[in-house]
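Letters A, B, ... mirror the listed sequences (proteins, then strands); counts begin at 1. This one's a predicted model, so the numbers in the text were calculated from it and none came from an experiment.
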There are 2 protein chains.
Amino acid sequence: MYSQLYNHINKFVKLSSGEEEILAALLKTVSVNKKAFLLEQGQICKANYFVVKGCIRLYFIDIKGAEQTTQFAIENWWLSDLTSFLFQKPSEFFVQAAETTEVIAIAHHHYEEMFTQLPKLERYFRLVLQKSHQAAQMRIRYLYSMTAEERYHHFNASFPEFVQRIPQYMLASYLGFTPEFLSKIRAKR
Amino acid sequence: MYSQLYNHINKFVKLSSGEEEILAALLKTVSVNKKAFLLEQGQICKANYFVVKGCIRLYFIDIKGAEQTTQFAIENWWLSDLTSFLFQKPSEFFVQAAETTEVIAIAHHHYEEMFTQLPKLERYFRLVLQKSHQAAQMRIRYLYSMTAEERYHHFNASFPEFVQRIPQYMLASYLGFTPEFLSKIRAKR
DNA sequence: CGCGACGTTGATTTGCCTCAACGATTGTGG
DNA sequence: CCACAATCGTTGAGGCAAATCAACGTCGCG
């Protein structure tokens, strides 16, 4: 039960089995079918999600009606619309399964309780957020210094197996261009 | 001494005066003149910086030789090249004062010690990082859904006083376009 | 099998960049 | 306190990367 999350946590802080039990009482496993939603625009984000298996994405619909993917999460990553989750206000985003996915959810009303009962996890989440912060910094760096084609090749070289797993239109929006343009890049070789 | 930082921390976690003293031993105040550097490309980022007064920015030089601003920090914000700081490896970024600035620095060799001695600060930094994460998510949202002109007007409406403080070329690169283009947007009204 | 989702291809358009020349403002040394 | 340079901002002409739009394949699934 939740052993994959425990393993991940234990890379950063050590939990006793008693502590694991306390944590377990606050968690819930959720299965989502491909294309199903954990959060839809206008709803309040109910939980922070840890991906056990599969892939979920965070996206929004822009003014022209196009989907824009802002984040992916695969195995051992957390994902949520933090703004909606923390302040319990309506979200401008969708959280959708890109594949059939199993996640561990920590609901909002358990989130603060978790830190009260297990202050060690403050450290775990700080370290997780530091990693996210680094990733976000890199993302901006690439967006501001590479052409669309360069970003695609770079991403493809960095995460070849991941590129296989997701539809091209999701990748295109994540990298900041259109599916048509991705198709044209690919046609070049 | 460091009272502005203590005030900021106390918004999130309460420190006793004894704890403030422990923290003080790990900190250092640094003054930087306008245009001077706290970090230059190729150097190892020595500290995480809290802005007491003024403004610093994180930027890099792209392949064409243009400066690209990835972050600003004004009063009560932390800034660092986390990748270089955490792993003590050479940075691809510059940290420069946009104005004459006073910062409080926590050096790398004190950073982990700080968390050991004052575990409460795990929580403080988690909360600070959560806020950064939200800001990064918004940033991507705007980049992916607005034109350059819209981003400028939106930023200008959101932070009118800040726009006055910094040169236009820094703002242009932060918003993801050229100084010339910013000039043309402004000429429209 | 047929339909809807996804991907491809080509023609055309456009938002923004590039480059270059020219003001304006700031700051610095004589 | 002025002269002059450097920095910063403006303006215009031309170009290009990527978007848009539309038509057409193709695959998977009910």
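- When rounded to the nearest whole Å, the span between CD of A:Q96 and P of C:dA5 equals 13 Å.
- With respect to A:E99 and A:K53, no salt bridge is recorded, no charged nitrogen being found less than 4.0 Å from a carboxylate O.
- An angle of 40°, rounded to 10°, separates the two end axes of the helix from C:dC1-D:dG30 to C:dG30-D:dC1, each defined over five pairs.
- To the nearest angstrom, C1' of D:dC8 lies 12 Å from CD of B:E67.
- Residues B:W78 and B:I106 are in side-chain contact: their nearest non-hydrogen atoms beyond the backbone lie under 4.5 Å apart.
- Residues A:W77 and A:K131 are in side-chain contact: their nearest non-hydrogen atoms beyond the backbone lie under 4.5 Å apart.
- Within residues 161-170 of chain B, the residues having any heavy atom under 4.0 Å from DNA chain D are, by residue number, B:P167, B:Q168, B:Y169.
- Although no hydrogens or angles enter the test, the distance criterion places no donor-acceptor pair under 3.5 Å between the side chain of A:Q164 and the main chain of A:E161.
- Other residues, nucleotides and ligands contribute at most 12 non-hydrogen atoms within 6.0 Å of the NZ atom of B:K64.
- Ring geometry for B:Y111 versus B:F115: interplanar angle over 60°, hence perpendicular rather than tilted (30 to 60°).
- For C:dG4, the OP1/OP2 oxygens have no side-chain nitrogen or oxygen of A:K35 closer than 4.0 Å.
- If you take NZ of A:K188 and P of C:dG10, they are 13 Å apart, rounded to a whole angstrom.
- For the pair A:Y152 OH and D:dA18 P, the computed distance is 15 Å after rounding to whole Å.
- With ring centers used as reference points, A:F155 lies 6.0 Å or more from A:Y142.
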Open item on the list: Walk along nucleotides 12-29 of chain C from 5' to 3' and tag each nucleotide B, S or - by protein heavy-atom contact under 4.0 Å, base first, then sugar-phosphate.
Closed with: ----BSBB----------

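- Ionic pairing of B:K46 and B:E40 is not present here: no N-O contact between side-chain nitrogen and carboxylate oxygen is shorter than 4.0 angstrom.
- Between A:E92 and B:R141 there is a salt bridge, since a side-chain N of the basic residue sits under 4.0 Å from a carboxylate O of the acidic one.
- Classification of the B:H8-B:Y124 ring pair by plane angle, with boundaries at 30° and 60°, yields perpendicular.
- With a 6.0 Å radius and a threshold of 12 heavy atoms from other residues, nucleotides or ligands, B:E21 has its CD atom at or below the threshold.
- Atom CD1 in A:I185 sits roughly 14 Å away from atom C1' in C:dT8 (whole-Å rounding).
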